[in-house]
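Heavy-atom basis, side chains included; hydrogens, waters and symmetry copies ignored.
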Amino acid sequence: MDFATAFHREILAFEAAARRAADGGTAPLVPSCPGWSMADLVLHLGGVHRFVARIIEDGLTEPPDVTDMALFALPEDRTGWPAPEGGPHRGPVPPGLVEWFADGARALAAHVRDGDPGQRVWTWSREQTAGFWWRMQTIEAALHRWDAESALGAPGPVETALAADAVAQTFEVMAPARRVWKEAPPGAGERFRLRQTDGPGVWTVSFEGDEVRLSLLDGDTTGPCDLELTGTASDLMLFLWRRIPADRLDGVRGDPAMADRYFTLVPPV
């Protein structure tokens, strides 16, 4: 997966949507991120980019201090900016906020393009490498680009290869972490399957004790499962991140509410 190209594409599309919203009118609400307006979303993603860039630039093996405002390189003039502690901010999206986002996004894009994915740095995952952040931030950029476009009208789908990687990443990274954070009970062999309609992807995942076991096209594509979901890679990704409901998928066999208990992710992230 070419994360540098995908990240660059998604942040440019996000920036374009943010600039459209910065027209002097009321900041549009983001339907897929309850409690956020477009201004809140821009502030969130811009802050995440600065946070990650600092980790990479300084080779940190511990998380940076988020109470240190120097971390975020905020401009002196923040008139009309949303409050970081909550929203929705319904005033106009400040053009300076969009410029601040764009500067931070370009800086992180340079790290993704030119950095060493094997660099050892702190992450919130078991994988402690810069490459973790390349993948995570590319997925997050695509997700929030979709959020931003949905606030303005009709969002475009996530590019197929990136969306398929995001489906796998859900079970390789996000679901195990979420189960720890939520202190989920041990799995008892529950099995789920996701089938991609616009490519060859078939993901079968089982929950065994504290483990999340993912198999990809290993012949285990027709056995019994508790829930089977069928859709484009983009729609499967967006469902997993709670951006679209199950009835937007091409097919559902079983109770889609089971997904909430095992692997769907609560926005906004």
Side-chain angles (χ1 to χ4, degrees), residues 1-21 28 30-34 36 38 41-42 44-46 48-49 52 101-102 105 108-109 112-113 131-175 177-178 192-203 205 214 216-217 229-252 256 259 263-269:
M1 182 70 213
D2 181 359
F3 292 118
T5 297
F7 181 75
H8 182 68
R9 178 186 67 240
E10 295 295 344
I11 62 170
L12 286 182
F14 181 93
E15 180 185 343
R19 291 191 185 282
R20 285 175 57 197
V30 182
S32 49
C33 296
W36 283 9
M38 181 72 85
L41 182 61
V42 174
H44 163 75
L45 190 55
V48 170
H49 287 168
V52 173
F101 165 82
L108 184 55
V112 179
R113 184 185 66 240
F132 167 87
W133 289 117
W134 300 168
R135 189 185 195 190
M136 184 74 250
Q137 288 311 302
T138 303
I139 292 170
E140 186 165 358
L143 187 74
H144 286 323
R145 184 272 303 164
W146 188 92
D147 290 330
E149 291 179 349
S150 72
L152 299 174
V158 178
E159 189 271 331
T160 301
L162 176 58
D165 184 69
V167 172
Q169 193 260 8
T170 295
F171 300 110
E172 293 165 350
V173 177
M174 302 304 297
R178 180 178 186 264
F192 303 88
R193 185 172 297 117
L194 291 82
R195 294 183 182 275
Q196 179 186 359
T197 58
D198 57 346
V202 180
W203 299 267
V205 61
L214 174 65
L216 303 173
L217 291 175
L229 306 171
T230 304
T232 65
S234 178
D235 282 350
L236 290 172
M237 170 194 172
L238 293 169
F239 170 77
L240 292 173
W241 287 85
R242 280 192 173 176
R243 265 45 183 193
I244 64 172
D247 61 16
R248 288 270 302 274
L249 299 175
D250 295 322
V252 177
F263 51 77
T264 53
L265 305 162
V266 179
V269 292

Non-hydrogen side-chain atoms of Trp133 and Val112 separated by less than 4.5 Å: no

Residues Val173, Phe132; criterion side chain to side chain contact (heavy atoms under 4.5 Å, CB included); working and verdict: CA-CA 9 Å; Val173 177; Phe132 167 87; 3.7 Å; yes

Inter-residue atom distance Ile244.CD1 - Leu238.CG, 0.5 Å rounding: 5.0 Å

Atom pair CD/CG of Gln137 and Leu108 - distance to nearest 0.5 Å: 6.0 Å

Closest approach of Leu214 to Ala168 (non-hydrogen atoms, all atoms of both residues): CD2-O, 3.9 Å

Euclidean distance, Thr138 OG1 relative to Leu143 CG, rounded to 0.5 Å: 12.5 Å

Test item: His8 and Arg113 side chains (from C-beta on) under 4.5 Å apart, heavy atoms: no

Distance, nearest 0.5 Å, that separates OG1 of Thr5 from CG of Leu162: 11.5 Å

By salt bridge (Lys or Arg N to Asp or Glu O under 4.0 Å) - contacts of Arg248 (at least two apart): none

Set of side chain to side chain contact (heavy atoms under 4.5 Å, CB included) partners for Ala141, sequence neighbours left out: Phe7, Glu10, Ile11

Which residues share a side chain to side chain contact (heavy atoms under 4.5 Å, CB included) with Asp198, sequence neighbours left out: Thr160, Gln196, Thr232, Ala233

Any Val158 side-chain heavy atom under 4.5 Å of Arg145 side chain: yes

Inter-residue atom distance Leu194.CG - Leu236.CG, 0.5 Å rounding: 5.0 Å

Residues which pass side chain to side chain contact (heavy atoms under 4.5 Å, CB included) with Leu152, listed by chain and number, not counting sequence neighbours: Ala17, Arg20, Ala21, Pro28, Met38

Derivation of the side chain to side chain contact (heavy atoms under 4.5 Å, CB included) call for Gln169 and Met1: CA-CA 12 Å; Gln169 193 260 8; Met1 182 70 213; over 6 Å; no

Contacts of type side-chain hydrogen bond (donor to acceptor under 3.5 Å, both in side chains), residue Glu159, not counting sequence neighbours: none

Glu140 and His49: CA distance, side-chain angles, deciding distance, side chain to side chain donor-acceptor pair (under 3.5 Å) verdict: CA-CA 10 Å; Glu140 186 165 358; His49 287 168; over 6 Å; no

Ala246: partners by side chain to side chain contact (heavy atoms under 4.5 Å, CB included), with sequence neighbours left out: Phe239, Val252, Pro256

Donor-acceptor pair, side chain of Glu149 and main chain of Ala154, under 3.5 angstrom: no

Full working for side chain to side chain contact (heavy atoms under 4.5 Å, CB included) between Phe14 and Val42: CA-CA 9 Å; Phe14 181 93; Val42 174; 4.0 Å; yes

Side chains of His144 and Val30 in contact at under 4.5 Å (non-hydrogen atoms): no

Side chains of Trp203 and Arg195 in contact at under 4.5 Å (non-hydrogen atoms): no

Test item: Asp165 and Phe3 side chains (from C-beta on) under 4.5 Å apart, heavy atoms: yes

Leu41 to Ala148 - nearest heavy-atom pair and separation: CD2-N, 3.8 Å

pair Leu249-Thr230: side-chain heavy atoms closer than 4.5 Å: no

Residues in salt bridge (Lys or Arg N to Asp or Glu O under 4.0 Å) contact with Asp235, at least two apart in sequence or another chain: none

Full working for salt bridge (Lys or Arg N to Asp or Glu O under 4.0 Å) between Arg135 and Glu172: CA-CA 12 Å; Arg135 189 185 195 190; Glu172 293 165 350; 2.8 Å; yes

Side-chain heavy atoms of Trp241 within contact of Trp146, under 4.5 Å: no

Ring pair (Phe, Tyr, Trp, His ring centres under 6.0 Å) partners for Phe171, two or more places apart: Phe263

